[in-house]
Amino acid sequence: MIPTSKDMKGIMDKSSYRLLQLLSLAWLACRPTCSSITTYGTIIPQSPLVEIGKEFTATCVLDKAAKATAEDIYWKLKNITVPKEQYTKINDSAVSVTITITNETANWLLCEKKGSPLSLNLNQVIHGILLTKGYPPEKPVNLSCMAVQSGRKMSSCVTCTWQPGTRDERLKTTYTLFSSLIVSNKSSKANRSSGYIDFGTFPSFMELAMWVEVENKLGKVRSDILDIYAADLVKTNPPSDVNIISENNFSRTLLVSWKHPIHVTYVTLKYNIRFCTVGSGDWTEVPPNDTESYKESFRLQYLKPDTEYVVQVRCIHHRGYGYWSDWSANSTTRIPEDKPTTKPDLWRVVIPSQVKSERRVQVMCKDPVESNGRIRGYSIKIQDGNWMTVAVNDSDLDSRSQERKIIPLYQIPWSDKRRGLIELKAWNSVGESPQASLGIPKLTQEPPSVESLSWFTQQGGLWVKWQPPNVTATGEPYRSEVTEYILEWVSVSDGAMDWQRERRHTRTAAIKGNLQKFNRYNISVYPMYSGWTGKPLTIAAFLEQGAPLEGPSVKVRRTGKNEAELEWMEIPLDKQRGFITNYTIFFITGGKEHSIVVSTDTYSYTVKRMASNSKYVVRVMASTVQGSTNSSDLSFNTLMYAPGQIEAIVVSVCISFLFFVVLTMLCCIYKMDSIKKKIWPPVPDPSNSTIAKWSPDFTSKADTPKESALGDVSIVEVDVFDRKSLCEEDKAGLPLKKDKYLSEEHSSGIGGSSCLSSPHQSVSDSDEGGDEGQTTASTVQYSSVVASCGYKGQTPCPLPLSGSSQTPSFARSESTQPLLDSEEHPEGPESHQRYLRNPYFGRLPAGNDGDSGDLEDLNQMEMKKQGLALRRFCPLEEDFQQTTPTEEGQSPDGQPGPDPSYMPQLSGYRPQC
C-alpha cells in the first residue's frame, strides 16, 4: 500500500519531533566543552518560523548552573504565563511546551525559573526565542492566458492572469509562470496576479500547458495546469474602416462595410454587428448566424426612417475559439424620411361652457408612434364637414425628440344633444398617415364607465387597477364590448395632462408619464367602444406622499364664556403633498395642553368646557400618512359672561324696576287720600271761623267777645305726651318772660279774631330751639268750648246748678296742622261731651250733652307727626271775680294768677296734656 501525502506528513512530523529531542540532548551534552560562557539553559529550536493556526512545540533544557529542576520552569508568552497543562516533562532538566499560534500570539517565548526567597527577583529568565509567524502560500485559481494581435500578425508573447490567495502574505512570496510545449519548457518570474512568457514565435496550431507556482519559507504550491490550444489564446484587433451607407430607395435599411483586421493565414474570423439610435444606449445585435461567413459587409433592415443610427462591429475566430475583439469605433448616419405608418394619437378634453346645454371640446393629439419623419401638420374633419388643415411649427413637433408632445389642434362648441366623429390625419414631407377617429356621443347616451377604480404604488411607479364595465345592453352606434382603455391623468398643481392607451384585456397598468413626487393627480379611465368614448371614472392619487408644506390657516369665528368656535381653511391641493387623514386641534391654557382629533372633512369646530375669562393658545395640525404640519399659534380670550347674559341681567333689572314703579303707582293710587293729607294737609281758613257761635250764652251772631271776658278764663296747657294738665297752680312755677312768652295785648274775646292778629311771640322765635321752618303766619290757633268739668284725664266737675254763675271755659291750641280724625271723633264710655263740627276748629265740646273724648284713644305717633299743642282752660271757682290782679302774674291769695292775654308755650311748640 502506497502511503498518501497526509500519512507522509504525519510521519515527518513525528520524526522531526524525535529528532528535535535528540538534538537538544546532544547540544546539552556538548555545551560545557563548546562554550566557556556560563548559561542557565537554552530553548530548542532557536528563532523558529511558525505557521499561524498550527501548534508549535519548544523545549527548555536547563544547565547545571541553573541550580533548578524541571519543576521550577515556567513558560511565558511575553508577560502571559502559559498554563501548566501545556507543559511536558522530558526529564529532570528538560521541559517542553506546546502552544497554538494565532495572530494575537506574542512574538517572544520565554523560559523562566523560580527565584530564591532571598532574591529580589522572584523569577529568573533562563532563555527566550523570537517567533516569526506567517502563512504558507495559497494555491492560485482561475488561470487564463491570451495572445493579442501585434501589427498584422499575432504576438509571440502569451499573457496569463490568475487570482491569488486572499490571506495576508507576511512572508516573502515568489510567483513563477511555467509553460510546456512539445519541444521545450519555458518559465518566467511573475507578479502576484499576472505574468507572461515570450515564445519567440506564436505557436500556432500547437497545444500548450500553462501553470503557476507560489513559494515562501513555509512551503510551495502550484496552480492547476491549463492545457490549451494556441487558437484559444487569440484575440485580434477590431475590424477597421467601418462605414455606413444610406440608400434613398431603401428608407428603412443601412449598408455596413469593414475590413479584416488580420490575414486569413493567421486566423479565420467571423463578425458581430450592433446598432442603436443616437443617444439611446439601447443596443440591438444582429443575430450571429447572419454574420458567420468570412465577409466584409452587411445590410441592416427594418430601421426607422428619419432616424440617426450608431453602428459597431467586432470579430472572433470563425469556430468561436479565443476571445472577441473589442468593438470598433462608432459609425453614425441618418435614414431618409418615409410617410407615417401609424395613426396619430387623437384625444379630446371636454371644457364646461357658460352656455346652457352646451360643451366645448378641445381636440388634441400626439405624433404617430411611427411618424417616419418630421410632422408638418394635421388634417382634421368634424362629422360631415370638410377637411381643415392645421399647420404645426417645427419647434412644436420634432421626430427626434424622445418625448411625444401634446399638440392642441382645435376647440369647438358641442351641444349636449349632438353626437359625431372627429377624424384626423398627420402628414410629413413624404405623405399622410392613416386616419384616426374619435366619437363623441350625446351626453345622455354615453356608454357605461368601468365598474371600479383603485391605485397603488409599486417599485417606484404609480399603478392603476380597474374592473371592466357592464356592457350587456348598449345600443347603436356603440358596440357592446370595449376595444381599448384610455388612462388620463391631470396634475392638480399646474394642470398638465397626458394620456396613454391600454389594450382591451388589461386590468392593471403603470402610468408611463413623468410623474412628480408629492404632487396630486386626478386619474381617469375611459372605456373606448370602437372609437366612441364612454363615461370616465376618476380617482385622486399620489406617486409618493409627504407631510404638508404648510398648516391650515386658523381663525376664531366666535368666542363665548365656556366655548370658542374655530374655523380653518383647507390647505391648497398643491401644498397638501398627500391625502389629509385628520386634523388635530391643540389648545393650551395654564401650561396644560389638550388635543381634539376631527375628521378630514371638518373645517370648523366648537371647543367646549373652556374656562371663562381665560387666555388660550390654539393651533391646528394637518396630518397625512407620512407626517404632520402645524399651523401658526393663535391666541384669544374667552368671555367673562356668556352672550346674552348681560342683556338678561339688564332686562331683569329693568323689569324689576318697572314692576316696582307700577307697584308704587298702584300704592299711590290706592293711598291717594292719605298721601294728599301727608303732603298737602288741609289748612283751616280763620276768616270763616264762627267760634262765637259755640258758646251757649251767646247768640248765633258772630260778635267779638269782650276783653273782660278773659278775666273769667284761666289758661291751662295740656302736654299730650305727658298726659298732664297745667292748671293755675302749675303755671305759677313756670318762668315767664314778658317779652317773649306773654302776649302784649289781651284777646278781645273767645270768638274774635285777635287770636290770630294779636302781636305775640311766634313759636319759631323761641329761644328754646323751636322749629325754624314755622313762622307766625303759618301758626294756626284752635279754640274749643270746654265745660266746667275736667278735660282729658281731669276729674269731672259736677254739673252746674240752675242759676249758678259758672260759665263754660274755652280751650285754645296753637298748631300748624288741623286736628286729627281721632280728635275730631273722640270715643269713650266715660265721655259725656258733645262736639260741634266747625271747618276751622274741628270738634269742640258743647256743654255736657255730648260725650267726653279721651286723649288716650288718640294715636301718639300721629299727634307727633301733626305737631299739636293743645291749650286747655280749666273752670274758675265761683268766688273768683278778680279782674285786676294785685300784682302782675299774682292772684289775690298770693298764687300766680292767669294772664288774661294769650300766653305762648315755653321753648316753642310743646304738646298739651
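FYI, the numbering just counts along the sequence from 1.
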Contacts of S240 meeting side chain to side chain contact (heavy atoms under 4.5 Å, CB included) (sequence neighbours excluded), chain-then-number -> K259
F579, CZ atom: more than 12 neighbouring heavy atoms under 6.0 Å:
yes
Under a 3.5 Å cutoff, is there a donor and acceptor pairing between the side chains of W283 and Q312?
no
In terms of side-chain geometry, is the basic nitrogen of K575 or E570 positioned less than 4.0 Å from the acidic oxygen of its partner?
no
Who are the side-chain hydrogen bond (donor to acceptor under 3.5 Å, both in side chains) partners of S429, not counting sequence neighbours?
E337
Sorted by first residue and then second, give each salt bridge (charged side-chain N to carboxylate O under 4.0 Å, His left out) pair with at least one member in residues 343-358; sequence neighbours left out.
D345-R501
Between the side chain of N289 and the main-chain N/O of E292, is any donor-acceptor distance below 3.5 Å?
no
Evaluate side-chain hydrogen bond (donor to acceptor under 3.5 Å, both in side chains) for Q626 paired with Q545, printing each intermediate quantity in order.
CA-CA 6 Å; Q626 293 296 330; Q545 300 188 60; over 6 Å; no
Should we count CE of M388 as having more than 12 external heavy atoms under 6.0 Å?
yes
Donor-acceptor side-chain pairing of E423 and Q435 below 3.5 angstrom:
yes
Other residues, nucleotides, ligands: >12 heavy atoms within 6.0 Å of K295 NZ:
yes
With sequence neighbours left out, write down each residue that passes side chain to side chain contact (heavy atoms under 4.5 Å, CB included) with K153, or none if nothing qualifies.
Y266
State, without any angle test, whether T538 and S524 hold a side-chain donor-acceptor pair at a distance under 3.5 Å.
yes
Side chains of N470 and E451 only: does a donor on one sit below 3.5 Å from an acceptor on the other?
no
Cation over ring, R274 on W327, under 6.0 Å and within 45°?
yes
Ring centres under 6.0 Å, that's the criterion: do Y526 and W347 meet it?
yes
Tell me yes or no: between the side chains of T161 and S144, is some donor less than 3.5 Å from an acceptor?
yes
Check E481 with R504, please: is the shortest side-chain N to carboxylate O separation under 4.0 Å?
yes
Excluding sequence neighbours, so at least two apart, what forms disulfide bond (SG atoms under 2.5 Å apart) with C315?
none
When you check the gap from the basic side-chain N to the acidic O, do D416 and R359 get nearer than 4.0 Å?
yes
Are Y485 and W466 close enough that their ring centres sit under 6.0 Å apart?
yes
Salt bridge (charged side-chain N to carboxylate O under 4.0 Å, His left out) partners of E370, counting only residues at least two apart:
none
Ignoring hydrogens and angles, state whether a donor on the side chain of S297 or S257 is under 3.5 Å from an acceptor on the partner side chain.
no
Sequence neighbours excluded, the answer for side-chain hydrogen bond (donor to acceptor under 3.5 Å, both in side chains) partners of H317 is none
With sequence neighbours excluded, residues passing salt bridge (charged side-chain N to carboxylate O under 4.0 Å, His left out) with K425:
E432
One thing to verify: whether R520 and D574 come together as a salt bridge, which I'm taking to mean a side-chain N less than 4.0 angstrom from a carboxylate O.
no
Presence of salt bridge, D498 and K512, under 4.0 angstrom:
no
Under the side chain to side chain contact (heavy atoms under 4.5 Å, CB included) rule, collect the residues that match up with V598, sequence neighbours excluded.
W568, Y583, I585, I596, T602, Y605
I'd like to check the salt bridge (charged side-chain N to carboxylate O under 4.0 Å, His left out) partners of D290; sequence neighbours left out, ordered by chain and number.
none
Run the salt-bridge test on D338 and K304 with the 4.0 Å N-O cut-off and return the result as yes or no.
no
Can you confirm whether the side chains of S493 and N519 place a donor and an acceptor under 3.5 Å from each other?
yes
So, F518 versus F542, ring centres under 6.0 angstrom or not?
no
Name all pairs fulfilling the salt bridge (charged side-chain N to carboxylate O under 4.0 Å, His left out) condition that reach into residues 534-543, sequence neighbours left out, sorted by first residue then second.
none
Could you tell me which residues satisfy side chain to side chain contact (heavy atoms under 4.5 Å, CB included) with V311, sequence neighbours excluded, listed by chain and number?
I244, V256, I273, F275, L300
To the nearest 0.5 angstrom, please state how far the CG atom of N582 sits from the CE atom of M621.
7.0 Å
